[in-house]
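Heads up: the structure comes next, in C-alpha cells.
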Amino acid sequence: MSTSQLDKTYSPHDVENRWYQRWIDAGMFHASPTDPGQPYSIVIPPPNVTGSLHVGHALNNTLQDILIRWRRMQGRNTLWMPGMDHAGIATQNVVERQLQAEGTSREALGRDAFLKRVWQWKEKSGGTIISQLKRLGASCDWERERFTMDEGLSEAVREVFVRLHEDGLLYRGERLINWCPRCLTALSDIEVEHEEITGKLYTIRYPLADDPSQYLLIATTRPETLLGDSAVAVHPEDERYRHLIGKRVQLPLTTRTIPIVGDSILVDREFGTGAVKITPAHDFNDFEAGERQGLPRIKIMDIHANLHVEGALADPNVIQAVEGLPVAKARPRIEQLLTDQGLLEKSEPHKMALGKCYRCKTVVEPLLSDQWFVKIKPLAEPAIQAVEDGRVRIIPEAWKNNYLGWMRDIKDWCVSRQIWWGHQIPAWYCETCYGSPFLRRLSDGAPLIPSDASVIVAKTKPAACAKGHSDALVQDPDVLDTWFSSALWPFSTLGWPRQTPELKTFYPTSTLVTGLDILFFWVARMIMMGLKFMGEVPFRDVYIHALVRDAEGQKMSKSKGNVIDPLHVMEQYGTDALRFTMAAMASPGRDVKLAEERIEGYRNFTNKIWNAARFLLMHLDGERVEVPPAQRSFPDRWILSRLNATIHTVTQELEQYRFDRASSALYQFIWHEYCDKYIEMIKPALKDNASESAKATRHTLAETFETMMRLLHPFMPFITEEIWQTLPHEGASIVRQPYPVMQPDWDSKEAEQEFSLLEECRGLMNQERAILGYPAGKRLHFRVHGKTDQAYATFKKHKELIDHMENVNDLWVGSTTQISMPHLLTLTRGLVELATSMEDADLEKVKENVLKQIALLEKEATRTNQKLGNPEFVAKAPPDVLTEHRDRLERESRMTQLLQQALGQIGLYILERKRTQPS
RNA sequence: GGGCGGAUAGCUCAAUUGGGAGAGCGCUGCCCUUACAAGGCAGAGGUCACAGGUUCGAUCCCUGUUCCGCCUACCA
C-alpha cells in the first residue's frame, strides 16, 4: 500500500466492516478441541434475546475480547463461546404486547400457537444484539453460538431437573412466594427489587371479644390485609399482654373472632405496641408464625392482587366497598371504614421497603401457591467451599465476602414460573390416580394441579404412571426460571450431557467476566450446578467489573435520558475508541462513569496512531538494515528499551485483570514516548534517505511499530490490523500473530539513563525560558555542563539531538561547573547545570522571578534542614531516605546559590544598562 | 437495622505495601514547524473530606464524625 492511500484522518467505519468480515471468512475465531496449545475458554454471559447492546454489554464484552484476543495471540487454544438466553418473562412480555396491539392475546391463541409465534419473533427480531457484538469486534466462535432453548440445552435442563429430583433436591409444595401480579408468575427472592418508600403505619384497635370496651392496639402498614388475619400475637413474656393469651379479639370489619397467641419469634416487644396481627396467607413472617401456631391461611387476594374477601367473613358493607379492587384502591377505603367505626387509633408516616418485580417494576405480593423449589443448602455447601479454598477466584477479592455471605444465608430457590415461554417442567400428574380430572383455569385452560396429586418426573413424557394408567397424564403447565438454564451454561453449551471433546477440552472454563448485578442470579448458581453435575467448578477466575453510569454517576436509564448508546458511539468515534475507553475506565471495584468527552479523547488517540503510521510509510521506502540492538543509534536503543518495558507492563497488568493500567501504559508509551519523542528524535537520521543511519533507523522503526501494533491489538483490533497490513510483516492477519514478549537484548539501561539526563536538561531549559520570560519558540543559545564526566560525555554526544529537539541554537557543552560569566543566568538540576544569556530579557521581571524562586527554595531547604537536624529522623529513617534528603538539600542549596549569584549580576546588569541606554 | 466501598487538581481517576502526590479530559498562552489542529510546545491549578491517635515522619495505618454510593434485611 502506498502512502497516498492513508488519509490524513482515520475513518474507522470501512476498516471495521472489512476486517471483521475477513476474520470471519478466514475462520480466525473458530476453536477446535484438537488444536494445539493450552486451552483458554470463556463463556459469554448470555445476553437476553430481547436485548440490544447497551454500554454495560460494551464494557463486559470488550474486556472479554481483550482477554480472548490476548490469549489467542499467546498461542493458547482459545474458545469464546457465544449465545443468548431466552429471557422467559421479558420475551413473553414482548410478544404479548405485539398480540395486544393486534387485538388478540396469548390466551386466545392457545399455548402451542403462542409458542410458535414467539419462535417466529425470535427468528425475525430476536438477537439483534449478536450483530451488535460483532460490530464491537467480539471474536467469539460464532459457529458455536448457542441459545438456552436449543434442543441440546433443553435436554441438559431436563436431565438436571430429573437428577435433582432423584437426589431429593427438588420438591413441589404450597408456599408463600413472591408474585408479580402483572407478569402473573412467581419470582425468586432475588428477582424482587427493594425500594425504600415512605408509607403509613396505621394503628388499629382490635376489641377483646369478651369485653369490647377493652382493645389491643395493632400496628400495620397494610391495613387491608387485616381481613385475612387469623390471630394476633404478643410476646409470651410480655407483662402487659401475658394474661390475654388464649382470649380472642373481634377482628375489625368482619364477623370473625381470632385468638391471641404468644409467639416469641414473631413479636418484638420493643416495636410499636408489642402486639402484631398474623396474616399467614399474605406475609412471609406471618406464614411461618401460622405454621408454628397451626393457624388457618385465609386468602383475600387473587393473582391480579385484587381483593376477594367473601371467604374472610367480612362485613357485607366491607365486601361491597373493596371486593375486586386492587390493593392501592382498597387501602383508603379500609382506612375510611376503620375511621368510621372509631377503630383507627392513628396513622403516621413510616419508612419501609417495597418489593417490586425486577422486570416490570410492579409491586409484588406474597402469594400462596404451589411451586417447584430447589433445595439449595446441599448445593450451596460445596459452592462455598470452592470459593473459600480458591478453586474459584473472585476478582476483585472484595466481592468474595459478598458471595460467601449470600451463599451461607441462601434460601430455597423457587424455579417454577407461570408463563409459557421457557422449558416446560418435565413433570406429569395422573388424573386417573387423583380420582377426578384436574380443574382448568378459565382464562387459558391451564390445568390447576392439586397439591396432593402424585408426580412423575421424567425426561420425556412417560407412557404410563406407576399404576399403569396411560390415558390421563397431564404435564405441569409451568416453565422453569430462565436462570435455571443459564446456570448450566458453562457445560450445556459444550455439549453436556453428552461427553463431547469440547467438554473435555474447554471445561472448566478459564475466566468468567461479568457485572456484580448477576453475581447471585447467575455466578453463584453456575458454581453450584457445575460442581453438582460436572464435579468440577465451571471457571477458575471470576472477574467482576463495575457498572457503567453516566458522567454524573447516575444509573443510565431510558427514562432519565442519560443513556449513551454504544452503537452511536461506534458510529461517531469508531469501535476501537469505544473499546479503549472501556478498558481504560475499568478500574476494579468502582463504577465506571462514562462521559462522551473521554471517548472523544481516545478517538484522538486512534488518529494519533494513524498519523504515526502515515509518517512511517512516508519514510519506510528504501533499504532497511538490521543492526544488533546494542549497536543501534541512541533513539533506537532507547525506544527498544521502552517498548520492552511496555510489553512487560501490559502483559503483567493483563495477567491481573488490570485493563485500566494496561491501557494507560499503552497510551503513555505510544503517544508520549513513541510519537512525541522517538519519532521526533529520528527525523534527522531519516533525512538522507540513502544514509547508513537511515537504513538502520528504518529497520527499528518498522520493527518497533509492528510490535507495537501486536501489543495493542487486543484493545484496538481494527486499526491495528489495518496498519499492520501495510507494514513489513509475515502472516495473513494480526489476529493470530504472537503476542509480543520481552527481548532481553532490547533492554538498555544506559540509553534510558541518557534519556533521563536529556529530559532533565530540557526541564532546565524550560525553567530558564520561564524565568527570563522568553517565549517557547525563541531560539536560544545555551551552555550546558555535565557535573560528571559521564554526563559531560552524554551532552557532548547528543549535542545535535538536543539542538534538534529543543530548538536550540548550537548548544555549547562544557565539562566544568564554572559558568559564572556575566549576563548569564545559570540553573541546576541533577547532574546538569545550564546557562543562557539574559540579554533580551526584561531584567526587572527576571529579578522578580528569581526572588520568587529563591523564596520558594529557601522554604524547601529549611524544611529539609529541619528534618535532617532531627536526631530521631537521622537515627530511624532508612539509609536511602536519608541519602535522598541529603541530596535534596544539596540541590536546593546549590540552586539557591546560583540564583543569588544571578541576582547580584542582574543588579549590576541593570545599572550597566541604565548607563548605556539612558531613558 | 446490618455489611461493604468511596471522598485526592474544575471533571474522571491513579499512586504495589508510611519518606514532598501523578495522568487523561477541561482550562490558559504561543504556534497551521511537511505524520497528526482529532495536532505541537509551554503553563496554571491540590490544607489528599473533617477531628483526634500511632510514628522521627501519615494522602496511606487506627478511632470517631460528616457526606455519597452499593449490597442486604421480616421490625409489624
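We use all heavy atoms of the structure for the numbers below, so side chains are in, but hydrogens, waters and symmetry mates are not. Convention: sequence-line order gives letters A, B, ...; per-chain numbering from 1.
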So, using ring-ring contact (aromatic ring centres under 6.0 Å, His included) as the criterion, who are the partners of Trp179(A) when residues are at least two apart?
none
Just checking Arg222(A): base, sugar-phosphate only, or nothing, at a heavy-atom cut-off of under 4.0 Å?
nothing
Applying side-chain contact (heavy atoms from CB on, under 4.5 Å), name anything that partners Val276(A), two or more places apart in sequence or on another chain.
Ala233(A), Leu266(A), Val267(A)
How long is the line joining OH of Tyr602(A) and P of G24(B), in whole Å?
9 Å
Arg769(A) near the nucleic acid: base, sugar-phosphate alone, or nothing, with a heavy-atom cut-off under 4.0 Å?
nothing
Using ring-ring contact (aromatic ring centres under 6.0 Å, His included) as the criterion, list what pairs up with His235(A), not counting sequence neighbours.
none
Distance flag, aromatic centroids of Tyr667(A) and Phe715(A), threshold under 6.0 Å
no
Based on the glycosidic angle (syn within 90° of 0, else anti), state the conformation of G22(B).
anti
Value in whole Å for how far the C1' atom of C74(B) lies from CD of Glu365(A)
15 Å
Is there any salt bridge (charged side-chain N to carboxylate O under 4.0 Å, His left out) pair reaching into residues 194-205 of chain A, and which pairs are they, with sequence neighbours excluded?
Glu195(A)-Lys356(A), Lys200(A)-Glu335(A), Arg205(A)-Glu345(A)
Rounded interatomic separation in angstrom, taking CG from Asp409(A) and C1' from C71(B):
13 Å
Would you say the ring centroid of His885(A) lies under 6.0 angstrom from that of Phe873(A)?
yes
NA contact type, Ser664(A), heavy-atom cut-off 4.0 Å: base, sugar-phosphate, or nothing?
nothing
Rounded to the nearest angstrom, tell me the gap between atom CD1 in Ile265(A) and atom C1' in C74(B).
12 Å
Side chain to side chain donor-acceptor pair (under 3.5 Å) partners of Glu673(A), counting only residues at least two apart
Arg642(A)
Any residue meeting side chain to side chain donor-acceptor pair (under 3.5 Å) with Thr704(A), in chain and number order, not counting sequence neighbours:
Tyr674(A)
Select base, sugar-phosphate, or nothing to describe what Leu266(A) touches, counting heavy atoms under 4.0 Å on all strands.
base
His194(A) side chain near U72(B) phosphate (N/O to OP1/OP2, under 4.0 Å):
no
Which nucleotide wins on minimum distance to the side chain of Glu597(A), given the candidates C71(B), C25(B), A76(B)?
C25(B)
Would you mind classifying the nucleic acid contact of Phe287(A) as base, sugar-phosphate or nothing, using non-hydrogen atoms under 4.0 angstrom?
nothing
Take atom CG of Asp660(A) and atom P of U16(B), then tell me their distance rounded to the nearest Å.
13 Å
Run the side chain to side chain donor-acceptor pair (under 3.5 Å) test against Gln656(A) and tell me which residues pass, sequence neighbours left out.
none
Which residues within residues 867-874 of chain A lie with some heavy atom under 4.0 Å of an atom in RNA chain B?
Lys867(A), Asn870(A), Glu872(A), Phe873(A)
Report which part of the nucleic acid Thr273(A) touches: base, sugar-phosphate, or nothing (heavy-atom distance under 4.0 Å, all strands).
nothing
By side chain to side chain donor-acceptor pair (under 3.5 Å), Thr836(A) pairs with (sequence neighbours left out) none
Gap between atoms CD and P, on Glu860(A) and G19(B) respectively (whole Å):
18 Å
Ignoring backbone atoms, establish whether Tyr667(A) has a side-chain N or O less than 4.0 Å from OP1 or OP2 of C25(B).
yes
Can you give the dot-bracket line for RNA chain B, where a pair is Watson-Crick or G-U wobble with both atom distances under 3.5 Å, crossing pairs use [ ], and | marks a partner on another strand?
(((((((..((((.....[..)))).(((((.......))))).....(((((..]....))))))))))))....
Under the salt bridge (charged side-chain N to carboxylate O under 4.0 Å, His left out) definition, can you give me all pairs with a residue in residues 859-870 of chain A, not counting sequence neighbours?
none
Parallel, tilted or perpendicular: which describes the rings of Phe271(A) and His350(A), with under 30° parallel and over 60° perpendicular?
perpendicular
Using a 4.0 Å heavy-atom cut-off across all strands, classify Phe284(A) as base, sugar-phosphate, or nothing.
nothing
What does nucleotides 35-47 of chain B look like as a protein-contact string, B for base, S for sugar-phosphate only, - for none, at under 4.0 angstrom between heavy atoms?
BBSBSSSS-----
